[in-house]
Amino acid sequence: MSGHPAIVDRLRAAGLRPTRQRLTLGALLFGSGIDRHVTAEELHAEAAARGARVSLATVYNALNQFTAAGLLREVLVGPGRLYFDTNVGDHHHFYIEDDGTLLDIPADRVTITQLPDAPAGMNVERVDVVVRVRR
């Protein structure tokens, strides 16, 4: 655990125990300091390429735990196409359909002028805009 002190601190601050698997995946997700959009399969392949022994099920579990703890945000772009975003701030996305790339759109670049009232007893949590583009 000593190889990733910033990741250890980030996990603990989010209420997660810094297990070997979480540290490995956390280093891949957050270690570069650059916001990323990854699928579970992409992260699993990255971990395997670096020699980490972690199952795809463990990757899914960790990503879901990171999301529940507020470290990641899910971006659903279509049936069976779920990305995990390290940028949990308010923003939207371009989805390039040709190659499955997601790009951030700053929140102030999208204007939503009217939303319907939420159903009784519910509040709008967030609005996610995904703009689909092709090359």
Side-chain angles (χ1 to χ4, degrees):
M1 283 191 242
S2 61
H4 305 289
I7 305 301
V8 170
D9 292 345
R10 184 177 242 179
L11 292 173
R12 285 188 175 143
L16 296 172
R17 195 166 47 89
T19 64
R20 180 184 56 81
Q21 293 92 346
R22 287 180 186 151
L23 285 170
T24 297
L25 299 173
L28 292 171
L29 289 166
F30 310 114
S32 70
I34 298 170
D35 286 326
R36 305 188 57 205
H37 306 97
V38 298
T39 65
E41 293 78 8
E42 290 168 344
L43 187 60
H44 180 254
E46 279 184 45
R50 289 191 165 81
R53 297 174 59 118
V54 59
S55 71
L56 182 57
T58 298
V59 171
Y60 270 106
N61 287 338
L63 289 170
N64 288 324
Q65 292 162 352
F66 289 177
T67 300
L71 297 174
L72 295 175
R73 176 175 161 181
E74 291 182 345
V75 180
L76 181 65
V77 297
R81 196 69 176 153
L82 178 64
Y83 288 82
F84 294 87
D85 189 350
T86 60
N87 178 355
V88 295
D90 192 21
H91 70 286
H92 305 286
H93 295 93
F94 282 114
Y95 176 64
I96 303 172
E97 291 187 337
D98 305 280
D99 60 13
T101 301
L102 271 183
L103 302 172
D104 288 344
I105 303 171
D108 65 355
R109 303 297 298 157
V110 175
T111 302
I112 299 171
T113 58
Q114 187 175 2
L115 288 175
D117 292 335
M122 297 185 181
N123 294 309
V124 175
E125 179 182 331
R126 182 175 81 217
V127 175
D128 294 320
V129 174
V130 176
V131 180
R132 299 170 188 287
V133 297
R134 287 194 180 274
R135 295 189 194 280

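Residue numbers run from 1 in the order of the sequence given.
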Nearest heavy-atom neighbours spanning Ala14 and Ala69: O-CB, 3.7 Å
Heavy-atom side-chain contact between Asp104 and His93 under 4.5 Å: yes
Asp117 CG: over 12 foreign heavy atoms closer than 6.0 Å: no
Nearest heavy atoms of Val59 and Ala40, plus distance in Å: CG1-O, 3.5 Å
Phe94 with Val127, same ILVMFWY side-chain cluster at under 4.5 Å: yes
Hphob cluster co-occupancy, Val54 + Val8, side-chain heavy atoms under 4.5 angstrom: yes
Interatomic distance, Arg17 atom CZ to Gln65 atom CD [nearest 0.5 angstrom]: 9.5 Å
Separation between CD1 of Ile96 and CG of Leu103, rounded to the nearest 0.5 Å: 4.5 Å
Flag side-chain contact, heavy atom, 4.5 Å: Phe30 against Leu71: yes
List the atom pairs, donor and acceptor, that lie under 3.5 Å between side-chain atoms in residues 108-115 and the rest of the protein, sequence neighbours left out.
none

Side-chain heavy-atom pair Phe84, Glu74 within 4.5 angstrom cut-off: yes
Side-chain donor or acceptor of Asn87 paired with backbone N/O of Asp35 under 3.5 Å: no
Arg73 side chain to Gly89 backbone, donor-acceptor under 3.5 Å: yes
Non-hydrogen side-chain atoms of Thr24 and Arg50 separated by less than 4.5 Å: no
Thr86 side chain reached by Ile34 side chain, heavy atoms, under 4.5 Å: no
Considering all heavy atoms, the nearest Leu82-Thr39 contact: O-CG2, 3.6 Å
Under 3.5 Å: donor-acceptor pair, side chain of Arg22, backbone of Ala62: no
Closest non-hydrogen atom pair between Gly26 and Ile7, with its separation: O-CD1, 3.6 Å
Contact check, side chains of His92 and Val131, non-hydrogen atoms, under 4.5 Å: no
Closest contact, heavy atoms only, Gly70 versus Val88: O-CG1, 3.6 Å
Leu11 to Pro18 - nearest heavy-atom pair and separation: CD1-CA, 3.8 Å
Tyr83: hydrophobic cluster co-members (side-chain, 4.5 Å): Val75, Val77, Tyr95, Leu102, Val130
Rounded distance [0.5 Å steps], CG in Asp99 versus CZ in Arg134: 10.5 Å
Charged N-O contact under 4.0 Å between Glu42 and Arg36: no
Within one Ile-Leu-Val-Met-Phe-Trp-Tyr cluster: Val129 and Leu76, side-chain cutoff 4.5 Å: no
Separation of Leu25 CG from Thr19 OG1 (nearest 0.5 Å): 8.0 Å
Side-chain heavy-atom pair Leu63, Leu29 within 4.5 angstrom cut-off: yes
